[in-house]
Each structure stands twice: as structure tokens, then as C-alpha cells.
There are 2 protein chains.
Amino acid sequence: MTGPARPRRRLKQPREDVMAAAMATIAERGLAELTIAGIGRQVGMSSGHVLYYFGSKDELLLQTLEWSEEQLAAERRRVLGGPSAPRERLDAVIDLYLPDGRRDPRWTLWSEIWNRTTAAEDVLRRQLDLELVWHRDLVALLAEGISRGDFRPLDPERFTVRLRALLDGFGVPLVIGLPGTDRGQTLEHVKEFLDDALTPAPAG
Amino acid sequence: MTGPARPRRRLKQPREDVMAAAMATIAERGLAELTIAGIGRQVGMSSGHVLYYFGSKDELLLQTLEWSEEQLAAERRRVLGGPSAPRERLDAVIDLYLPDGRRDPRWTLWSEIWNRTTAAEDVLRRQLDLELVWHRDLVALLAEGISRGDFRPLDPERFTVRLRALLDGFGVPLVIGLPGTDRGQTLEHVKEFLDDALTPAPAG
DNA sequence: AGAGGAAATTGAGTGGCGTTCAAACTTTCC
DNA sequence: GGAAAGTTTGAACGCCACTCAATTTCCTCT
């Protein structure tokens, strides 16, 4: 076996430092002021060194998003594994999904990465993979709620597509801080939608 | 010397030429390759001259989006003024709303402008104004359908917020060409949503 | 028609950015 | 100890949006 299998744990820490710095800068000052050299300054690296790790700014942004989604996935799993009713867990997952507020770095990264799409097939694939994680968890939760009779019987796959589209559409105004949008009201809107769509017809 | 024998051809509408060139370039080659100098080359202007008209690239993009939305508004008014039933007109408006396909320049501009938002209050206001045009038309159409009994009675204002969020969420994967997304299927999804939400309960 | 001011137009310059790269330094391993 | 591999630097490059002083074209008033 030629397996080097060397853990190279060394690499992990500086990369995470860089990604954490990127997230923090986006949250504090926005994407426009995020520069490679600036990130490097924050973590004590030269700009060249940052690119030695990530190859390009695009790659840095995408990996930062992936890293951020991994962390959120852990939280989501905790919520999903909880004991409460499917509907309560659904509400909690949606609360995790929607942006924290204006300039939420995770959503800002999403939005930026959409734009950079120069048709690179593998990048699109990676974006899709990130979405699928949410998708699958939502589908499973819906299926559980349906089988328990908590939710009206519907196609969980199709409904999840619809729900995610709705959430994405609601999320964007929140991240950019469009006047008149407010997280609380948005959550109410979503809940109203879920009430309309999921609540079983009152049985006679 | 070298004075041009003939006065340079004056562009009748230089600003529109620039905006049209920007839209065309986005559609053909994407936003990444859209440069001020490149646009200028297409319409026979220096880069400095383009900026003389628009002040900055951001301003050029926003004005191009506004211009593009004006044109679409004309089409929308034609559809809305048509004789067909509200539901048919609604479907037609939605067809106009959703992106043409990958790299639809209008949607690409939307997405880009979201990102550039560094909290400039007036820019946000102008984005909001663009959305309100669609919003008001949709609200009116829904109200008409409701009063005619074509649609279930519901709050047209709130429903329009929900519908636009859904459309925005469905639009993004289409513009970026996310694998597995297809305009026809998306339209079906939206129609299914409208059937679920608008169709009056079958009266006994 | 012609002068003179306003508008239009240019292109060279500026600064900042992402990215490259050769060279220098450090660690790893035989 | 020393070569190979990995790490780190910062100067250099090319590209870009944007500025600006200088020039040309247009318009208006007499």
C-alpha cells in the first residue's frame, strides 16, 4: 500500500482560521470589503499564503460556505433528533434556515456564489450538494409528520421543493435588509403557509 | 491633425445603447466578463465616456435593470389588460416574471445588485420600487379574481407576498442553471401551488 | 455668421484587486 | 546530515473601475 495516510492536522487549523475570519468580516463589513490581503492580515498570513491554501478567492468563498453549512448541519441534526412534534421541529429547522438578519454571512456567501457562476459544472454540483442536505432532512421530517397524521398527506418531495423555494425567496430580502422586511414577520408568513398547506382537514 | 473629416456619428440614445449592450453581453457571456471598457467598445465609446453617463458601474447596472423592468412592465400591462380569465392572465404574468433561462440578464442583474448592496439606503429604495410594480399588479389581479369568484377568498396582499417569495426562490436556480432545474417543471410547480391555493373549494 | 460657453469625449493616469512565482525558510524522513 | 517535501513571503503582473485635464463638438445669443 502506498497510502501516505498522514493526518496533516496542521493544515486544518489555519484554514479554519481563514474561513472564520472571512465569515466575521462579511458579517461586520460586508462582502465588498472582503479582500484576500485583508483576511490574511487578520490571521497573520500574507495574501500569497491564503491563496496557497485555497487557490482562488472563489474557492475560498465556496469552501467557507461549505464549512459554515457543516456547522449548521450539526445544529440541525440536534433539532431534528429532538423529541418534539414534527411541526415544532419543522419550525425550528426553518428558523435555522432563514438568515439571522442583514448581512448574515452564510446567506451572503450563497448569494455571491450564485453570481460567480461562470458555468463551472463542478461548482454547480457542489452548490447542489449543499442544498440537498437540507432537502433530504426536510423530506424525512415531512414524511414522518405525514405518517403520524400530523400533516395532510402530500408528496413530501414536491412539497419540500416548494417550501425551499419559498424560504429562499423570503430569505433574500432579509439578507439585503430590504426596507419593510422583518425576520419576525417573515417567520409568521412562513408559518401561515405551513398552516395552510400542512394542517389536515378537520375530520368529521 | 488627423481631424476626422466627418463629425463623429452622434448616438441618438447613447444611454440606451449602453444599457442594451450590457444586457446583451450578460446574456451571451455572463456578468463576469462585463467590463466598462468592453461595453464602450461595443457601442463605440471610450470607457471614460460610459462613466460620464452613468457615474459608476453599480449605477449602470441598476439603471439597466430599471430600464429592463420598464420594458417588461409594458408587456405585463398588455397581458393584464387582456380579455382572458384572471387565472390565465396570472399564469401569463408568472411566465413573464420567471427568468427566460440560464443567464437571463434581468435576473442576473437582480442577483448582482443584491450583492453590491452595501447598505446604501437609496439603492435599496430603488430596488424596492422595482418590486412594488410587480406587487401591485399581482395584488390587483388577485383581487379581481377573488371578486369574480374565480379564486378562493384570501388576502390578496399577503398572498402576493407569498407568491413572489416562491417565484424568487424558483427563479434563482433557473438563472444560475443549477443541474436538475428546468423552466417547464418550475412552471408546473408554480401552477400546482396556485391550484392548491386559489381554487375555490368545490361547492356542494 | 461667429463668438463663447456648455456639453460631450478622449485616453492617459491612479490605485486597488486577485493572482503568480521564484526564492527562502521549515519540517519530515531516510 | 541532508535531500525532498511542504510552507511562507512579498515583489511583480495584469486587469479593472474610476479620475481628470485637455480637446472637440454643439448650442445659443447677438
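Convention: sequence-line order gives letters A, B, ...; per-chain numbering from 1.
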In whole Å, I'd like the distance from the [atom1] atom of [X] to the [atom2] atom of [N].
X: A/Leu60; N: C/dC17; atom1: CG; atom2: P; answer: 15 Å
X: B/Ile36; N: D/dT19; atom1: CD1; atom2: C1'; answer: 13 Å
X: B/His49; N: D/dT24; atom1: NE2; atom2: C1'; answer: 12 Å
X: B/Arg41; N: C/dG11; atom1: CZ; atom2: P; answer: 13 Å
X: A/Phe54; N: D/dT8; atom1: CZ; atom2: P; answer: 13 Å
X: A/Arg15; N: D/dT7; atom1: CZ; atom2: P; answer: 11 Å
X: B/Lys57; N: C/dC17; atom1: NZ; atom2: C1'; answer: 13 Å
X: A/Tyr52; N: D/dA5; atom1: OH; atom2: P; answer: 13 Å

Original post:
5'-most contact on DNA chain C: B/Ser47 or A/Ser47, nearest heavy atom basis?
Top reply: B/Ser47
Original post:
Across the strands shown, which category fits B/Thr35 at heavy-atom distances under 4.0 angstrom: base, sugar-phosphate, nothing?
Top reply: sugar-phosphate
**OP:** For B/Ile39, answer base if it contacts any base atom (sugar-phosphate contacts may also be present), sugar-phosphate if it contacts only those atoms, and nothing otherwise; contact means non-hydrogen atoms under 4.0 Å.
**Re:** nothing
**OP:** Scan side-chain atoms only and decide if A/Gln13 and A/Asp17 contain a donor-acceptor pair under the 3.5 Å cut-off.
**Re:** yes
Original post:
Side-chain donor-acceptor pair under 3.5 Å between A/Trp110 and A/Glu69, yes or no?
Top reply: yes
Subject >> Any B/Tyr53 side-chain N or O less than 4.0 Å from OP1/OP2 of C/dT9 >> reply: yes
Subject >> Aromatic A/Phe151 / basic A/Arg87 pairing, under 6.0 angstrom, 45° off normal >> reply: no
**OP:** State which of C/dT10, C/dG18, D/dT9 makes the closest approach to the side chain of A/Met45.
**Re:** D/dT9
Original post:
Taking NZ, NE, NH1 and NH2 as the nitrogens, is one of them in A/Arg162 or B/Asp196 under 4.0 Å from a carboxylate oxygen of the other?
Top reply: yes
